[in-house]
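If you read the sequence from its start, that first residue is 1, and numbering goes on from there.
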Amino acid sequence: MLLKNTKPSQSFLYGSSVLMASMLAVKLIGALFKIPLTNILGETGMGYFGSAYNLYTAVYALTVTGLSTAVARMTAEQAAQGRWQDVRKLFRMATGLFLLLGLAGSAIVLAAARSFAALIDSPHSFWAVVMIAPAIFFCCLMASFRGYYEGLSNMTPTAVTQVVEVVVKLAAGLVFANLAMEAARRQFRLTGLVFGVPCQSLEAADMVAVPFGAAGAMLGVSASTLAGFLYVLLRYKLRGDAITPEQLAAAPPSAGGMLPRLLRMAVPITLGAVVLQLSALIDTVTIQNRLIGCYEKAPALLEELYGGFLREGEELHTFLYGCFTTCVTLFNLVPAFTGIFGKSALPNVTSAWTRSDRQRLRANVESVIRSTSLVAAPLACGLAFMAEPILSLLYGGLPGVIHVGAPLLSLLATASLFLALVAPANAIFQGIGRMDLPVKYLCAGALAKLLLNLILVGIPSVNILGSALSTLACYGLIALLTLNKLRNVLTVRLDFSGTLLKPLVCGLICGISSLLCWNALTKYAGNSIITLFSMAVGGVFYLISLAVFRVISPEDVFMLPNGKKIAKVLEKLRLIR
């Protein structure tokens, strides 16, 4: 018999705060994974890692995202109507579907591994792709539980699984990557060979070993998804889902017809998720091909620009793509933090829409947009203005990443602000049953990215910078279309000035003040402490600007854990209106 947890469902900001806390831990630990991994594998190794990871995220979107979101939405809808028997039935049905999808997804990745590596002109990515295949299966099994709990407005299981995953990924990924690299170096010292390939120097030996190091890191990712699934399975067995026997007895009998409805809901969400991942997949497929064409057109120009950063045996197109994927890791920080607001808001928006509660709907939607802007604006502006100092802080031993990545990161950071707004807005569309809208706008953005990648990256004087420009155009277009439609499709009037414009102005103040402080202090010295201090100064100016513009409302704070106590402190500091 399951032990029932009678804890009530969480409010939007309560759930968001739980996910935010976990996300802070995840990104901190994730940095402890990606930064040393980049130093272990170098730019080229991160190119192999990024190529495999982008295929993984595309298949993940195809097999997991849509159905998981559909499960969360239908669970929230049935719970709002008190149909608890249907809630349980939906979970059992979803678990079976996820099992089949997981098996199919892993099989697709394994079958496509060699063809995919050949398609992107990166045959050494093969082993990394193979090692990521099991992750699809375990992610699918985990997603059935996470979507179910999210629909019940309980974000804690999702938060804990994220932390479990990243801890295991850190430990296993770095250990496996190091083992592969050290085994290759030991073999080279003893025989002059690395996995059967003769090498003339230790640097050349490292380049032969790097694909296997990337594969080791990917094996760590697969191990982390297994750990996350085992945690959430054990939690369900021990604590249940908080649905009481009394609720089940009082619920109406099952209405039936849930599977067709679930699939109708999941398909457009899946398409939207796949199209969203198309941006990364388009980069994977087109960038390296176009960079090869660039080099054929103007080898002297590209050698002059980047030749000094290449190691023995390193190819220019893989090196540049590795620099780009390193910057994309930082770019993804912003939507990773803001995506939690959409995830947490979906059951609340669904409930308000189902009950035709216009006041609650407006409060939730405005809170989503304001919370997203408050987090995204300082992060995006800080990355944009402080791109070079941040890259120097994180990758001081890789001058190629700093030289190539600084202009890339400035553009990508701006694009991240647009992407950060898109994900929660899409969750709102899903909550009101308009799953078709995100697909249309994401397709428009993906088409723009594909065309601009083909054009811009192929220009020798632009080369890798074209990928960042196309990313900015892609997400800028999607955000413009999405927010405009959101304003029109909802039956409530939204305050975009207070929820979007004011946080953006505060974010610009944050980024500009950080850069001014850094420029002033580096006249005397340049080191990590100055970079961190400048970022802290930007944070202080951000908080001051929030108080000046009175951006945060007491209602937002009240929905947080211990919200009344926090509100009193913020009122004394004059940070809320």
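- Although no hydrogens or angles enter the test, the distance criterion places no donor-acceptor pair under 3.5 Å between the side chain of T44 and the main chain of T318.
- A donor-acceptor distance shorter than 3.5 angstrom exists from the side chain of S514 to the backbone of S534, with no hydrogens or angles considered.
- Counting only distance, with no hydrogens or angles, the side chain of S416 and the backbone of A413 share a donor-acceptor pair below 3.5 Å.
- Annotation: the span from Y306 atom OH to L316 atom CG amounts to 8.0 Å, rounded to 0.5 Å.
- For I529, the CD1 atom counts as loosely surrounded, since its 6.0 Å shell holds 12 or fewer non-hydrogen atoms of other residues, nucleotides or ligands.
- Taking the six-membered ring wherever Trp is involved, the centroid distance between the rings of Y295 and H317 does not fall below 6.0 Å.
- When all heavy atoms of L500 and S373 are compared, the closest pair comes out as CD1-OG, 3.3 Å.
- Between the side chain of T372 and the main chain of L421, no donor-acceptor pair closer than 3.5 Å is present.
- For the atom pair M386 CE and L409 CG, the distance stands at 11.0 Å (nearest 0.5 Å).
- By the 4.0 Å N-to-carboxylate-O rule, E165 lies close enough to R146 to be salt-bridged with it.
- Between the side chains of Y321 and D283, no donor N or O sits under 3.5 Å from an acceptor N or O.
- Within the 3.5 Å criterion, the main-chain N or O of P460 finds a donor-acceptor partner in the side chain of N463.
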Would Y56 and V109 count as a side-chain contact (heavy atoms from CB on, under 4.5 Å) here? Give the steps. CA-CA 8 Å; Y56 159 67; V109 172; over 6 Å; no
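- The backbone N or O of L452 lies less than 3.5 Å from no partner atom in the side chain of S470, so there is not a single donor-acceptor pair.
- Note that CG of L219 and NZ of K169 are 13.5 Å apart. Values are rounded to the nearest 0.5 Å.
- No donor-acceptor pair closer than 3.5 Å links the side chain of T161 to the backbone N or O of G228.
- The aromatic rings of F319 and F309 sit parallel, their planes meeting at an angle under 30°, below the 60° perpendicular limit.
- For residues 163-182, there are no ring pair (Phe, Tyr, Trp, His ring centres under 6.0 Å) pairs, not counting sequence neighbours.
- For Y48 against A214, the heavy-atom pair with the smallest separation is CB-CB, 4.0 Å.
- The two residues H403 and L305 have their closest heavy-atom pair at NE2-O, 3.7 Å.
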Walk me through whether I464 and V457 qualify under side-chain contact (heavy atoms from CB on, under 4.5 Å). CA-CA 6 Å; I464 192 64; V457 181; 5.6 Å; no
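- In this structure, F229 and F138 have parallel ring planes: the angle between them is below the 30° cut-off, well short of the 60° mark.
- The backbone N or O of V368 lies less than 3.5 Å from no partner atom in the side chain of S371, so there is not a single donor-acceptor pair.
- The CD1 atom of I287 sits 12.0 Å away from atom CD1 of I292, with the distance rounded to the nearest 0.5 Å.
- Nearest heavy atom pair, residue A376 against residue L417, reads CB-CD1, 3.8 Å.
- Within a 6.0 Å radius of CZ in F533, no more than 12 heavy atoms belonging to other residues, nucleotides or ligands are found.
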Evaluate the criterion side-chain contact (heavy atoms from CB on, under 4.5 Å) for residue pair V208 and C199; output intermediate values, then yes/no. CA-CA 8 Å; V208 173; C199 299; 3.7 Å; yes
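- A donor-acceptor pair under 3.5 Å is formed between the side chain of Y542 and the backbone N or O of L374.
- To the nearest 0.5 Å, the span separating OG on S392 from CG on L398 amounts to 11.0 Å.
- P407 and L465 make their closest contact through CB-CD1, 4.0 Å (heavy atoms, listed as atom of the first residue, atom of the second, distance).
- Side-chain contact between F331 and L383 is absent, with no heavy-atom pair separated by less than 4.5 Å.
- Counting only N and O atoms by type, the side chains of T325 and Y53 include no donor and acceptor under 3.5 Å apart.
- Atoms CG and CG, from L330 and L412 in turn, are 9.5 Å apart once rounded to the nearest 0.5 Å.
- Formation of a donor-acceptor pair under 3.5 Å by the K297 side chain with backbone atoms of G458 is found in this model.
- The side-chain heavy atoms of S51 and Q288, taken from C-beta on, include a pair separated by under 4.5 Å.
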